[in-house]
Amino acid sequence: MMARPWNFSAGPAVLPEPVLERAAAEMLDWRGSGMSVMEMSHRGKEFESIIADAEADLRALMGIPANYKVLFLQGGATLQFAMVPLNLMGEGGRADYVHTGEWAKKAIAEAKKVGQVNVVASAADANFSYVPAFDTWQRDPKAAYVHVTTNETIGGVEFHAIPQTGDVPLVADMSSHILSRSMDVSRFGLIYAGAQKNIGPAGLTLVIVREDLLGRAAASVPTLLDYKVMADGESMVNTPPTYGVYIAGLVFEWLKGIGGLPEMERRNRAKARLLYDLIDGTDFYSNPVAIADRSLMNIPFRLRDESLDDLFLKGAKVAGLLQLKGHRSVGGMRASIYNAMPLEGVQALADYMREFERTNG
Ligand SMILES: *Cc1c(COP(=O)(O)O)cnc(C)c1O
C-alpha cells in the first residue's frame, strides 16, 4: 500500500488505518449482502445489525448506563448548540454556560437565540488559556442545565476533572476528546460530539442523553430537533447517516480490540507527553495553556520567531507531516493527535521539531 503521510488535522481527522482497510474490503459487498453499506435500506436487517452493534460497542466502551439513550444524529456539534437549549431550557428559559474559548463562544451565541444565558465563568482574562476553577462559577439557581466544552479544540484546553453540578444536569460538548479516555457518563445529563474528530466521518453526530431529560421540548420545536422523537424512533425517524454509523461502528470495534479506553488513554498520554516535554524543554517552542488544563488531543504551539512559521510548515510537508497550521484565529501551529494518530506519527513530528530547532534556532 501507498505510504501515507502523518495527518495532524483538527477535523475531519485521521481514522485508524485498519478501519479504512476494512471499509475498503467491504466496499462492494458488505459481508455477503452483495451491497455496499451505502446502498442498503436503513430499514433492512443488515443495517439494523450495523447500528445495533455500533450502539452496543459504544455502550460497552464508555460504560453508558441503561437509563441513557444513544442517538445517531446529523447537523454536527453546531446543531447541538441549538438542540440543547431548545430541548432542555424548559419554560424558565435559562441556562448556565462556561466560556472557555471559541467553541464555548459559539454554543453561548446559539443558546442566546433560545433563552437567557448566564455565563458562569470566562477565561477571557487570560486569552482562554485555562479552565476557570469550578468553585468560582457564578451559577444561576434557576438554570435548567450547565453547559461545558470539555475540550476546546482550537485553544487546546481540556477539563481533566468533571464539575459537580448537583441536581442540575451537566451538558458537555465532547466533540474533540470523546473516547480519548475513560469518562464517567453518569456524571452528565447529556453528552454530544460531532463524529469527525474521534469517531468517524463528518455528517454523524453522537448524543448520549439521560432518559429523564427527554420530552422537555416545547410543542413548537421541529420534529427532528426533538430528542424524545429521535430516541423513540431509535435514530431512524428519517434516514440516518448510514455510512457514518457503519464507520463509527468499525472505530468502536477497533477501540475494543486494542483494549478499550484505558489502553487508549495510556497511548494518548504517552503521545501528548512527548510533545509537551519537547515544547517545555526549549524556549524555541511554546504552548500558552496552563499545565493542568492542557489538552491531550489538540496541542497548539508557537515558534519563538514567527517569521519562521512558513519555513516550518513547508519543511513539515516535505517530511510527510500535514495540517500543522494553527487555527486562523490564533495563528502559530497546532498538532491534533486524536485516537487514530499512532505514537510513531507523533515521534516523527517531535523528530522534525528537534531538527528544525537545531538548524534554525
Ligand atoms: C469541531 C467542533 C465543533 C463543531 O463541529 P461541527 O460538526 O462542524 O458542527 C463544535 N465543538 C467542538 C468542541 C469542536 O471541536
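Just so you know, these numbers use all the heavy atoms, side chains as well, and skip hydrogens, waters and symmetry mates. Both counts, for ligands and for their atoms, begin at 1 and track the order of listing.
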Return a yes/no value for T149: is any of its N or O atoms, backbone included, closer than 3.5 angstrom to an N or O of ligand 1?
-> no

Cation-pi, W6 ring and K317 (6.0 angstrom, 45 degrees) | no

With atoms numbered from 1 as shown, which atoms in ligand 1 lie under 4.0 angstrom from a non-hydrogen atom of G76?
-> 7 (O), 9 (O)

Quick one: are W30 and M35 in side-chain contact, heavy atoms under 4.5 Å?
-> no

Which of the numbered atoms in ligand 1 are below 4.0 angstrom from a heavy atom of Q196?
-> 5 (O), 6 (P), 7 (O), 8 (O)

Does F128 have its ring centroid less than 6.0 Å away from the ring centroid of H99?
-> yes

Crowded around E306 CD? As in, over 12 foreign heavy atoms under 6.0 Å?
-> no

Report whether I199 and I258 are members of the same hydrophobic cluster (ILVMFWY, side-chain heavy atoms less than 4.5 Å apart, transitive linking).
-> yes

Ring centroid separation Y68 to F188 under 6.0 Å = no

Does the pair R181 and N268 meet the rule for a side-chain hydrogen bond (donor to acceptor under 3.5 Å, both in side chains), with working shown?
-> CA-CA 8 Å; R181 53 189 172 84; N268 285 332; over 6 Å; no

How far is atom 11 (N) of ligand 1 from its nearest protein heavy atom, and which residue and atom name does that atom have?
-> D173 OD2, 2.6 Å

Give the residue and atom name of whichever protein heavy atom lies nearest to atom 1 (C) of ligand 1, and the separation in Å to one decimal.
-> K197 NZ, 1.4 Å

Identify, by atom number and element, the atoms of ligand 1 in contact range of N151, meaning under 4.0 Å from any of its heavy atoms.
-> 13 (C)

The answer for which part of F81 has a heavy atom under 4.0 Å from ligand 1 is side chain

Do A77 and ligand 1 have an N or O pair less than 3.5 Å apart?
-> yes

Taking the six-membered ring for Trp and the full ring for Phe, Tyr or His, determine whether the centres of Y97 and H147 are under 6.0 Å apart.
-> yes

Interfacing atoms of ligand 1 (cut-off 4.0 Å, heavy-atom, S176) | 15 (O)

Any N/O pair T153/ligand 1 closer than 3.5 Å | yes

T78: numbered ligand 1 atoms lying under 4.0 Å from its heavy atoms = 4 (C), 6 (P), 9 (O)

